[in-house]
Asker: 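Have a look at the structure that comes next, please.
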Amino acid sequence: MPKKVTIFTTNQCGYCGMVKKYLGIKGINYEEVNLDENPAKRQEALTISGALTVPVTVVTKEDDSREVIVGYNLSKLAPAISA
Amino acid sequence: MNQDKVYDLVVIGAGPAALTAAIYTTREDIETLLIEKGAIGGMASVTDLIDNYPGFSKGISGLELSDELSKQAERFGTKIEYDQINSIKDEGKYKLLQGEINQYRAKTVLIATGTDYKKIDVPGEKEYLSRGVHYCATCDGAFYRDKPIAVVGGGNSAVQETLFLTRYASSIDLLVRSTIKASDVLIKELQRHIDSGKVKVHLKTTINQIKGENNLVNKIEINQDGEVSDLNVDGVFIFVGLLPNTAFLKGLIDLDDRNFIKTNLNLETNLPGVFAAGDVRSGATMQIASASGEGATAALKIREYLEKK
């Protein structure tokens, strides 16, 4: 179980909804940073992911190591939250 | 999950065609599994506003429509798995679907994998992917608040996405290879933004190269009717047509010369028991209403097929 999960999203992003739905199914709590509501956070999302896109999911593990998943990518997201 | 279980129907994809088919089949107790590799709702889910789907007088966002369709399908008992199918094998009594995560068995299969946006294959397109080159306005538009951008394409998608992006960008250069071929209603809406000075249309224009600095796009080289020049933009959104998601079917399912799936009037492919519906089908109109209609038709034909077996 991860220590913390943060998702950068926008209002109309279908893939963001998919990441949230998937985490919901898996019973993982997450913090959402909506870039439409918090445009100042765009730079933070870019710095973390290196990309101008959402969703960006940041999984912080028990040992404080961090995994960043860009887009809706189940093959990376699933092991990241189960590790 | 039990990988030996044989479903009545496995639907590959979860766009409007797939979800409509699942609504019909599960209501009739045909045990149905949907397998999706990306977003529920498919391309529709990343469309800002769907204005021509019947029943929504004020239009509906793609995300909302997708959500409602999937809730409706799940209400009747549709199961959804997240996986990418890499191959289908005919094992006689059932079809074996090999996914990245699991194997699935089904008496019938509906392929409703839809399409993805085409690339323009110019230098810089791959290098700056998600760093100034984008194919999803609703996902990435928010990064271009008060910034100049370009949109490439002249069809319904390009114009629709341009209209969406006007809420963020300071200016939009719309680059059209020949002429705009969008619907009149979209063109009328676009004209409002042309008149306000926010959108500038460049006809007979293509991109030669996408250039950048510090890993981000800062300009594009364009060719307008033979004249080459640079445009300073921070982002390029590309909507130049659609490619069917059929690579995993080659050699098994008959495809047309553009790799869309050939079907008969029952929406059945050359492989008995395997059907296709929606944008991935040869001759599809690329409309959500049509995809839903094809989903319903496919469901009824699948029921007939199962009853005969």
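Chain A is the first sequence line, chain B the second, and so forth, proteins listed ahead of strands; every chain is numbered from 1. Not measured: the values here are computed from a predicted model.
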Asker: Counting only non-hydrogen atoms closer than 4.5 Å, does B:Leu216 touch chain A with its backbone (N, CA, C, O), its side chain (CB onward), both, or neither?
Answerer: side chain

Asker: What is the distance from atom CD1 of B:Ile40 to atom OH of A:Tyr22, rounded to the nearest 0.5 Å?
Answerer: 13.0 Å

Asker: Counting only heavy atoms not in A:Lys41, do more than 12 sit closer than 6.0 Å to its NZ atom?
Answerer: no

Asker: Could you report the tightest heavy-atom contact between A:Gly50 and B:Arg131, atom names first, then the distance?
Answerer: O-NE, 2.9 Å

Asker: Count the heavy atoms belonging to other residues, nucleotides or ligands that lie under 6.0 Å from CG of A:Asn29, then report whether that count exceeds 12.
Answerer: no

Asker: Could you go step by step and tell me if B:Asp140 and A:Thr53 meet the side-chain contact (heavy atoms from CB on, under 4.5 Å) rule?
Answerer: CA-CA 5 Å; B:Asp140 306 336; A:Thr53 191; 2.4 Å; yes

Asker: I need the minimum non-hydrogen distance between A:Arg42 and B:Ala142, along with the two atoms involved.
Answerer: CD-O, 3.1 Å

Asker: I need the residue from A:Leu35, A:Ile25, A:Asp36 with the largest number of non-hydrogen atom pairs under 4.5 Å to chain B.
Answerer: A:Asp36

Asker: Apply the test side-chain contact (heavy atoms from CB on, under 4.5 Å) to residues A:Thr10 and B:Phe143: give CA-CA distance (whole Å), side-chain angles for both, the deciding distance (0.1 Å), then the verdict.
Answerer: CA-CA 10 Å; A:Thr10 58; B:Phe143 287 94; 5.6 Å; no

Asker: Please examine the side chains of B:Tyr82 and A:Leu77, heavy atoms only from C-beta on, and report whether any two atoms are closer than 4.5 Å.
Answerer: no

Asker: Answer yes or no: are there more than 12 heavy-atom neighbours, outside A:Lys76 itself, under 6.0 Å from its atom NZ?
Answerer: no

Asker: Tell me, side chain or backbone of B:Tyr168 under 4.5 Å from chain A's heavy atoms, or both, or neither?
Answerer: side chain

Asker: Yes or no on side-chain contact (heavy atoms from CB on, under 4.5 Å) for B:Leu63 and A:Asn11, after CA distance, side-chain angles and deciding distance?
Answerer: CA-CA 9 Å; B:Leu63 199 53; A:Asn11 288 334; over 6 Å; no

Asker: Just how far is it from atom SG of B:Cys139 to atom CG of A:Leu52, taken to the nearest 0.5 Å?
Answerer: 13.0 Å

Asker: Can you name the nearest heavy-atom pair linking B:Ser70 to A:Lys21, along with the distance?
Answerer: OG-NZ, 3.8 Å

